[in-house]
Structures are given as structure tokens and as C-alpha cells.
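A short worksheet on the structure shown next.
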Amino acid sequence: MSRYKSDFLRVLDERGFIHQISDPEGLDALALKGPISGYVGYDATATSIHIGNLISVTMLYWLQETGHKAISLMGGGTSMVGDPSFRDDQRKLLTPEQIDTNIAGIKRVFGNILNYGGSNPALMVNNADWLLELKYVEFLRDVGRHFSVNRMLSFDSVKLRLDREQSLSFLEFNYMIMQGYDFTELNRRYGTVLQMGGSDQWGNIINGVDLSHRMGGPQLYALTTPLLTKSSGEKMGKSASGAVWLNGDLFSPYDFWQYFRNTEDADVGRFLKIFTRLPLDEIARLAALGGSEINEAKKVLATEATAVVHGRAAADAAAETARQTFEEGALAQSLPTVEVPASDFNNGMGLLGLLVAAGLASSNGEARRHVQGGAVRVNDEPVSDERLSVGPALLREGVVKLSVGRKKHVLVRPA
């Protein structure tokens with residue numbers, strides 16, 4: 001039973017999203033009284049956000065779903081500085097053109113998850129609209145004077161950097177001021193009273209809450225979600241091939257489906273609550289499955305999470321590809337595909353190098369260990385010869401299927 005009365009906080013609480021709230025009773029009363037406006041900020045450091053960001057995007061979804069105004073703030077301005085939080089060194093500075101390209105890529109994901117039309121449309125806003133227009137001296141006088149350097153140095157995100165004797169540039173120090181100012185500017189423009197984010201952003205978000213108070217503005221609120229880790233203690237967000245991106249061109253819908261299909265048994269119920277929109281009673285039923293039946297719950301988790309990010313058609317296609325691959329042993333053409341030069345392929349390519357090129361191993365040494373351990377198959381046939389040459393004789397329907405273990409498969413296509 002949730003302690004909260006408003007639909008918004010009750011849903012977040014029951015699904016495991018809440019880590020800290022600056023004034024729980026005040027925010028709950030405000031959300032119960034009527035629609036509020038809340039936001040999450042996303043810096044454009046890549047052409048896609050990753051699975052860790054999906055948690056905060058989902059909080060925006062539930063904010064909108066429970067009748068409130070959701071704002072996704074693109075950091076066109078703050079991306080030019082870079083968030084120093086919990087980093088050992090300064091982020092690589094991006095050009096305005098790179099930032100614009102990254103924002104265009106990130107927007108594709110948001111369009112799948114939030115509703116930017118209808119009677120209660122979400123808003124997408126870019127902080128470059130106001131940050132790039134600021135007059136520096138006036139900004140220092142009107143906003144900068146409200147920030148205590150002593151307090152900023154006490155934040156864990158900064159202390160860890162300084163404790164390691166890594167320098168913190170004046171440029172990066174300004175990031176905290178800019179993010180705090182974003183909150184007050186969104187309040188002025190849109191009546192925004194809530195900023196949400198990961199637990200590592202607590203200090204930055206509280207800066208905005210305090211800034212509004214010091215500048216004579218209204219009461220603002222902070223809400224953070226826990227750092228999501230697997231039951232094994234491993235931080236969520238990495239796969240065998242690298243980061244779990246939300247854009248399909250960087251991490252395919254099939255790989256995304258497989259990532260969730262491989263969830264540890266103990267995490268199934270928690271991940272169903274966070275990453276799907278299934279009713280809680282259905283989630284409870286699935287989480288209670290034991291033995292081999294838990295695999296059915298994992299398939300539901302994989303399909304529903306993939307549908308949220310990539311759409312229902314892509315999710316169903318990924319599930320069907322997996323079914324054909326694992327249950328029928330078929331050569332599913334919708335498996336992830338890697339193209340190699342036809343000239344190289346026709347002359348025969350070394351198995352170890354091909355496993356690395358296909359993303360199934362990070363080095364020839366790792367590929368060799370896979371072969372020696374009996375984990376590698378070519379066209380579903382076990383391979384024990386690490387010197388195998390892969391060429392035209394192994395083509396099946398124009399491709400060669402490479403597998404490592406039971407769950408990692410790639411089609412190699414000469415082009």
C-alpha cells in the first residue's frame with residue numbers, strides 16, 4: 001500500500017521509481033490538487049540515450065499518463081559545457097553541429113515513448129533557447145551570486161573528483177549553475193515545479209530548488225530514482241557488445257529484446273515494474289513463476305520493454321526471430337547482420353577475426369577461448385578448429401550464421 005495519495009506518486013512508488021523527494025508531503029498534495037508540470041534534462045553527448053535514461057523517460061511517461069504536463073529538456077546549451085558529475089576528467093567539448101545531430105537522434109526515442117500530441121501533449125524544449133542568449137555579467141550578478149562555492153564543493157559528484165586530485169575546470173563548475181538556472185527558467189516559462197532524474201543528479205537538482213527560493217520564486221521540488229543495479233550488483237546498461245542504446249541503429253531491437261531476455265531470475269519482477277506498462281497484478285503473477293516457467297516471464301519482459309522503446313511490431317518481430325532461432329533452429333533472416341567485403345569473404349576469412357568483426361568477441365584471444373570452450377557454432381554446427389576459414393562454401397541463403405553460446409547469433413553477409 002503506497003503512502004501517497006496522488007496517482008502520480010503512488011504509481012512511481014508502487015513501481016519502485018522513488019529514491020528521494022525534497023518535500024514528499026508538499027509534492028503529493030500539489031499533484032493531488034491538480035495538474036503539475038515536471039521535467040527531466042538530457043544532455044546531447046551522443047546520438048542516442050541509453051537504457052539508464054529509460055528510467056527517467058518512463059517517469060515522464062507516468063507523469064503524463066496520470067494527467068500532468070511532461071517536459072523533456074534537451075541540453076543544447078549545457079551540452080556545450082558538459083556535466084562533471086562523478087567523472088575523472090572533463091568531457092570532450094562538442095561543436096554546436098554535433099550537438100544538433102545528437103539531439104535529432106535522441107528525439108526519435110522520445111517520440112516512441114511520450115505523446116507529443118493529443119489533449120495533454122508533452123513538450124520538448126531546448127535550453128539553448130535561453131542559455132545561449134544570456135549576458136554573462138548580468139547572469140553572474142543575478143544568478144551566480146546565489147550559489148555557494150563551499151556548498152558546491154561538498155557535493156559527492158565534485159568531492160570524488162577532487163579527492164582523486166583531478167582538476168575541475170571553471171567551465172565545468174558553471175554547469176551546476178546553468179542546470180539550476182534551467183529549473184527556474186522552466187518555471188517562469190511553463191510553470192514547471194518538479195525536476196526528476198537519477199540519484200547521481202540530486203545535488204544538481206537541489207541547486208535549482210534552492211535557487212528559486214533565493215531568487216524569491218515559488219517552491220520547487222526534486223525527485224530522484226535509485227541507481228539501477230542487477231541482483232548480482234552489476235550496474236545495468238552494458239551488454240557483451242557495449243552500451244545498451246535506445247536507438248535501433250546503434251543497438252538493434254533484437255539485441256534489445258535479448259538483453260532483457262537474459263535478465264537474472266531475481267530481477268524479473270522489479271524490471272517488469274520499471275520497464276513495462278503491464279498492470280501490477282499481472283506483474284505479480286509473472287514474478288511468482290518458478291523453475292523453467294520464469295523463462296516465459298522473461299520473454300514477456302523482453303517483448304513489453306522492446307515495445308515501449310521500438311514499437312509493438314519491432315518487439316513482436318524480435319520475439320518471433322528468437323523463437324525461430326532457439327525453438328526451431330531456423331536461419332532467421334531478421335537476426336543482427338554484419339556485412340563484410342565480398343573480396344575478403346571469397347578468399348576465406350579467419351574464424352577468429354570474423355567473430356571479432358561480428359561483435360561476438362572483443363579480441364582474437366577471447367574468440368579463441370570461445371572456440372576452445374566449445375561455445376562457437378557456424379550454421380548451427382559446433383566448431384573446434386580455431387583456424388577454420390569461412391568462405392563461399394559455408395553460405396546458406398546468402399549468409400553465414402555465427403553463434404557463441406545459446407543466445408548470441410549474428411548473420412555474416414558478403415557485400
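The first residue of the sequence shown is numbered 1, and numbering continues consecutively from there. What's counted below: heavy atoms across the whole structure, side chains too, no hydrogens, waters or symmetry copies.
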- Query: Which pair of heavy atoms, one from Thr78 and one from Gly75, lies closest together, and at what distance?
  - Reply: OG1-CA, 3.3 Å
- Message: Less than 4.0 angstrom from a charged side-chain N to a carboxylate O is my criterion; do Lys5 and Glu25 meet it?
- Response: no
- Message: For the backbone of Lys408 and the side chain of Gln258, can you confirm whether one donor and one acceptor N or O come within less than 3.5 Å of each other?
- Response: no
- Task: Give every residue pair that meets the side-chain hydrogen bond (donor to acceptor under 3.5 Å, both in side chains) criterion with at least one member in residues 29-42, sequence neighbours excluded.
- Result: Ser37-Thr192, Tyr39-Gln195, Tyr42-Ser56
- Message: Enumerate the ring-ring contact (aromatic ring centres under 6.0 Å, His included) contacts for residues 186-217, please, sequence neighbours excluded, ordered by first and then second residue.
- Response: none
- Are Glu366 and Arg369 within salt-bridge range, i.e. N to O under 4.0 Å? no
- Query: How many angstroms lie between atom NE2 of His409 and atom OG1 of Thr337, to the nearest 0.5 angstrom?
  - Reply: 13.5 Å
List the atom pairs, with distances to 0.1 Å, where a side-chain N or O of residues 7-14 and a protein N or O form a donor-acceptor pair under 3.5 Å, not counting sequence neighbours.
| residue | atom | partner | partner atom | Å |
| --- | --- | --- | --- | --- |
| Asp7 | OD1 | Arg10 | NH2 | 2.9 |
| Asp13 | OD2 | Ser2 | OG | 2.9 |

- Query: Does Arg368 have any side-chain hydrogen bond (donor to acceptor under 3.5 Å, both in side chains) partners at least two apart in sequence or in another chain, and if so, which?
  - Reply: Glu386
- Item | Ile106 side chain near Thr47 side chain, heavy-atom distance below 4.5 Å | no
- Note on the structure: When every non-hydrogen atom of Ala243 is compared with those of Phe251, the smallest separation belongs to O-CD1, 3.6 Å
- What distance separates Leu272 CG from Leu280 CG, expressed to the nearest 0.5 Å? 10.5 Å
- Query: Side chains of Trp130 and Asp182: closer than 4.5 Å at any heavy-atom pair?
  - Reply: yes
- Query: Distance from Ile113 atom CD1 to Ile49 atom CD1, nearest 0.5 Å?
  - Reply: 6.5 Å
- Before accepting this row, confirm whether a basic side-chain N of the pair Lys135/Asp142 lies closer than 4.0 Å to the acidic partner's carboxylate O. no
- Task: Would you give the length of the straight line joining atom NZ of Lys107 to atom CG of Asn247, rounded to the nearest 0.5 angstrom?
- Result: 13.5 Å
- Item | side chain to side chain contact (heavy atoms under 4.5 Å, CB included) against Arg312, all qualifying residues, sequence neighbours excluded | Thr303, Glu304, Ala307, Asp316
- Item | Contacts of Phe256 that satisfy ring pair (Phe, Tyr, Trp, His ring centres under 6.0 Å) - sequence neighbours left out | Phe260, His310
